[in-house]
2 protein chains.
Amino acid sequence: MEVSPPRHLKARKQPRQARSASTIDAIFEATIQVLIAEGTHRLTTTRVAERAGVSVGTMYQYFPHKQSLLYALNERYLDRLAERVEMTCRTHHGRPTGEMVEALIAAYWEAKTERSDVTRALYSSAVELDNEALIDAFAKRMDAATRAMLLSAPNARYEDIDLVNLTLLSVIFGTVRNVFERNLPSSDQQAICEELKRMCLAYLAMAGGEVFPPIQAT
Amino acid sequence: MEVSPPRHLKARKQPRQARSASTIDAIFEATIQVLIAEGTHRLTTTRVAERAGVSVGTMYQYFPHKQSLLYALNERYLDRLAERVEMTCRTHHGRPTGEMVEALIAAYWEAKTERSDVTRALYSSAVELDNEALIDAFAKRMDAATRAMLLSAPNARYEDIDLVNLTLLSVIFGTVRNVFERNLPSSDQQAICEELKRMCLAYLAMAGGEVFPPIQAT
DNA sequence: ACCTGAACACCGTTCAAGT
DNA sequence: ACCTGAACACCGTTCAAGT
């Protein structure tokens with residue numbers, strides 16, 4: 001499902017030529033680099049334009065405000081993230097619940113961790129932003145993907161799959177973010193990730209998912 | 001344990017007279033009001049000073065930068081939050097693990113929820129900030145309080161109390177924040193809160209806490 | 001001793017002038 | 001048609017001038 005962004009945050013024009021597309025990519029890339037190198041409060045339109053090799057005026061042809069640039073950047077990021085998680089969900093259809101949870105957490109965790117500087121930069125850039133629509137769209141996609149996956153498990157009997165699913169996602173997303181925010185040593189991060197899996201498993205087992213693979217009847 | 005803030009974020013002078021103290025309170029109050037009414041990107045020193053009834057120059061006597069104002073504001077907030085949670089932990093020493101978890105989550109949740117506009121405003125203000133020291137100090141206090149509480153439960157036998165405790169807090173804090181960020185309807189929020197308790201209970205039971213009260217020997 | 005607010009540097013955004 | 005960058009309004013911060 002596509003959720004349209006608030007009108008004032010829309011990009012001014014769609015790139016129709018290869019040149020435009022590459023300009024936009026350069027601007028995105030420059031934004032991330034400035035964010036990582038200088039931090040949110042030093043992220044200026046001039047600096048981004050300079051590093052992207054265009055003038056401010058050109059940037060404003062594509063993004064009517066600084067906010068719309070950050071909006072688009074986060075949109076692109078969340079879109080890719082959603083695709084990865086959806087893929088994981090699809091490939092675990094019909095598997096035992098335990099495997100699902102493990103794979104789901106691992107996929108989300110890895111997507112966030114493999115470029116932790118980018119993740120951190122985007123977390124911080126998103127806050128200056130009216131990003132409710134983005135979060136909503138992302139949440140809806142994730143919800144649909146994990147819901148379908150969980151229900152496809154053998155012998156899944158959830159009393160309230162929507163609540164269980166909502167809770168599961170809130171806990172996973174929230175915990176991952178919290179771990180990033182505290183900047184714990186990598187070994188602690190790994191350990192928490194494993195504990196998070198155990199916790200979610202315990203929860204799902206209690207809520208009606210069959211965690212271990214069914215014994216095959218012969 | 002007191003963690004000293006980065007030097008450059010320190011308030012310039014401590015209030016020594018009643019007048020100064022009330023000026024500072026007025027500035028804090030004005031900051032929160034502007035944050036709630038206008039949002040992070042319209043939070044300007046001029047606006048805060050105006051609403052607080054002082055000149056910019058005076059504000060800069062107490063807070064050497066805008067950042068130090070936000071830092072102090074968050075410090076004050078986290079300090080009060082920590083005190084409340086510590087209190088909850090103290091009053092549940094020796095109780096069964098189940099009651100502890102329920103009380104801990106309820107206390108944290110309520111502290112965040114009773115003024116959700118303030119909570120949201122502070123979440124957003126904290127991000128422009130180099131707040132690692134704050135988060136760290138808060139985390140350490142929470143860690144100590146909940147650790148002592150959990151160990152005081154009857155028949156608590158944790159294999160790795162530090163990891164369990166760290167995980168528990170990461171999950172609770174992270175989930176609460178995620179729920180705030182998504183701005184879900186209040187009924188969903190309540191439901192997730194209950195599910196979160198159940199999940200943490202299941203986890204602690206598995207990790208070595210005795211969740212239900214011991215049967216009294218007669 | 002403390003307060004004020006005009007002044008300065010910098011940032012987001014625009015638009016007349018270029019190609 | 002598209003790009004440029006000086007110009008404008010606004011914001012963080014300072015400091016000479018007031019009390």
Side-chain angles (χ1 to χ4, degrees), chain A residues 6-27 30-31 33-35 37-73 124-125 127-130, chain B residues 6-27 30-31 33-35 37-73 124-125 127-130:
Chain A
R7 175 202 272 277
H8 65 286
L9 290 179
K10 270 206 175 122
R12 196 164 260 168
K13 60 154 118 176
Q14 300 299 334
R16 304 226 169 263
Q17 302 169 13
R19 185 160 52 115
S20 297
S22 76
T23 298
I24 290 197
D25 274 347
I27 293 174
T31 307
Q33 283 180 27
V34 173
L35 266 175
E38 316 235 17
T40 310
H41 69 288
R42 309 215 65 191
L43 181 83
T44 70
T45 50
T46 322
R47 259 188 271 267
V48 170
E50 191 177 19
R51 197 181 273 241
V54 298
S55 75
V56 241
T58 301
M59 240 184 65
Y60 273 82
Q61 281 203 298
Y62 297 106
F63 304 100
H65 325 288
K66 187 184 172 187
Q67 289 219 343
S68 67
L69 166 62
L70 296 178
Y71 193 96
L73 187 67
S124 79
S125 79
V127 178
E128 317 195 19
L129 205 58
D130 178 19
Chain B
R7 177 201 271 278
H8 65 286
L9 289 180
K10 271 208 174 117
R12 196 164 259 168
K13 59 155 117 176
Q14 300 298 331
R16 303 223 171 265
Q17 302 167 14
R19 185 160 52 114
S20 297
S22 76
T23 299
I24 290 196
D25 274 347
I27 293 173
T31 308
Q33 283 181 27
V34 173
L35 266 175
E38 316 236 17
T40 310
H41 69 288
R42 309 214 66 191
L43 181 83
T44 70
T45 50
T46 321
R47 259 188 271 266
V48 171
E50 190 177 21
R51 197 181 274 240
V54 297
S55 76
V56 241
T58 301
M59 241 184 64
Y60 272 83
Q61 281 202 298
Y62 297 106
F63 304 102
H65 326 286
K66 187 185 170 185
Q67 289 219 344
S68 67
L69 167 63
L70 296 177
Y71 192 96
L73 187 68
S124 79
S125 79
V127 177
E128 317 194 19
L129 205 59
D130 178 19

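Lettering of chains follows the sequences in order, A, B, ..., and the numbering in each one begins at 1. Below, all heavy atoms of this structure are taken into account, side chains as well, without hydrogens, waters or symmetry copies.
Put simply, the side chain of Leu43(A) reaches to within 4.5 Å of the side chain of Lys66(A), judged on heavy atoms. Side-chain contact between Tyr60(A) and Thr45(A) is present, with at least one heavy-atom pair separated by less than 4.5 Å. Side-chain contact between Phe63(B) and Ile24(B): present, with at least one pair of heavy atoms (C-beta onward) separated by less than 4.5 Å. Side-chain contact check for Thr31(A) versus Leu70(A): some heavy-atom pair is nearer than 4.5 Å.
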Quick one: which protein N/O atoms are closer than 3.5 Å to N/O atoms of nucleotides 4-7 of chain C? Pair and distance per line, please.
from   : atom 1 : to       : atom 2 : distance (Å)
dT4(C) : OP2    : Ser55(B) : N      : 3.3
dT4(C) : OP2    : Ser55(B) : OG     : 3.0
dT4(C) : OP2    : Thr58(B) : OG1    : 2.6

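Taking atom CD of residue Glu38(B) and atom C1' of nucleotide dC10(D), one finds them 14 Å apart after rounding to whole Å. The distance between atom OH of Tyr62(B) and atom P of dT13(D), rounded to the nearest whole Å, is 18 Å. Here the P atom of nucleotide dC11(C) and the CE atom of Met59(A) are 13 Å apart, to the nearest Å. Tyr71(B) places its OH atom 21 Å from the P atom of dG12(D), with the value rounded to the nearest Å. Taking atom NZ of Lys66(A) as the reference point, atom C1' of dT14(C) lies 17 Å away to the nearest angstrom. Computed from coordinates, the His65(B) NE2 to dT14(D) C1' distance equals 13 Å when rounded to whole Å. Atom P of nucleotide dC2(D) and atom CD1 of Ile24(A) are separated by 13 Å, given to the nearest angstrom. The CZ-C1' distance, from Arg47(B) to dC10(D), rounds to 9 Å in whole Å.
The side chain of Tyr60(B) lies closest to dG12(D), out of dC11(C), dG12(D), dG12(C).
Across all strands shown, dA17(C) has no partner, as no Watson-Crick or G-U wobble contact with both distances under 3.5 Å is found. Using Watson-Crick or G-U wobble geometry with both donor-acceptor distances under 3.5 Å, dG12(D) finds its partner in dC8(C). Nucleotide dC3(D) forms a pair with no other nucleotide shown, judged by Watson-Crick or G-U wobble geometry with both contacts under 3.5 Å.
Atoms OG and CD1, on Ser22(A) and Ile27(A) in that order, are 9.5 Å from each other to the nearest 0.5 Å. Separation of atoms CD (Glu38(B)) and OG1 (Thr44(B)) is listed at 8.0 Å; rounding is to 0.5 Å.
Residues Ser125(B) and Leu35(B) approach most closely at CB-CD1, 3.8 Å, considering heavy atoms.
Within the nucleic acid shown, Thr44(B) comes within 4.0 Å of sugar-phosphate atoms alone, with no base atom in reach, counting heavy atoms only. No contact: Arg42(B) has no heavy atom under 4.0 Å from any strand.
Here Thr45(A) does not reach the OP1 or OP2 of dC11(C): none of its side-chain N or O atoms lies under 4.0 Å away.
Comparing the P positions of dT13(D) and dC2(C) gives a spacing of 22 Å, expressed to the nearest Å.
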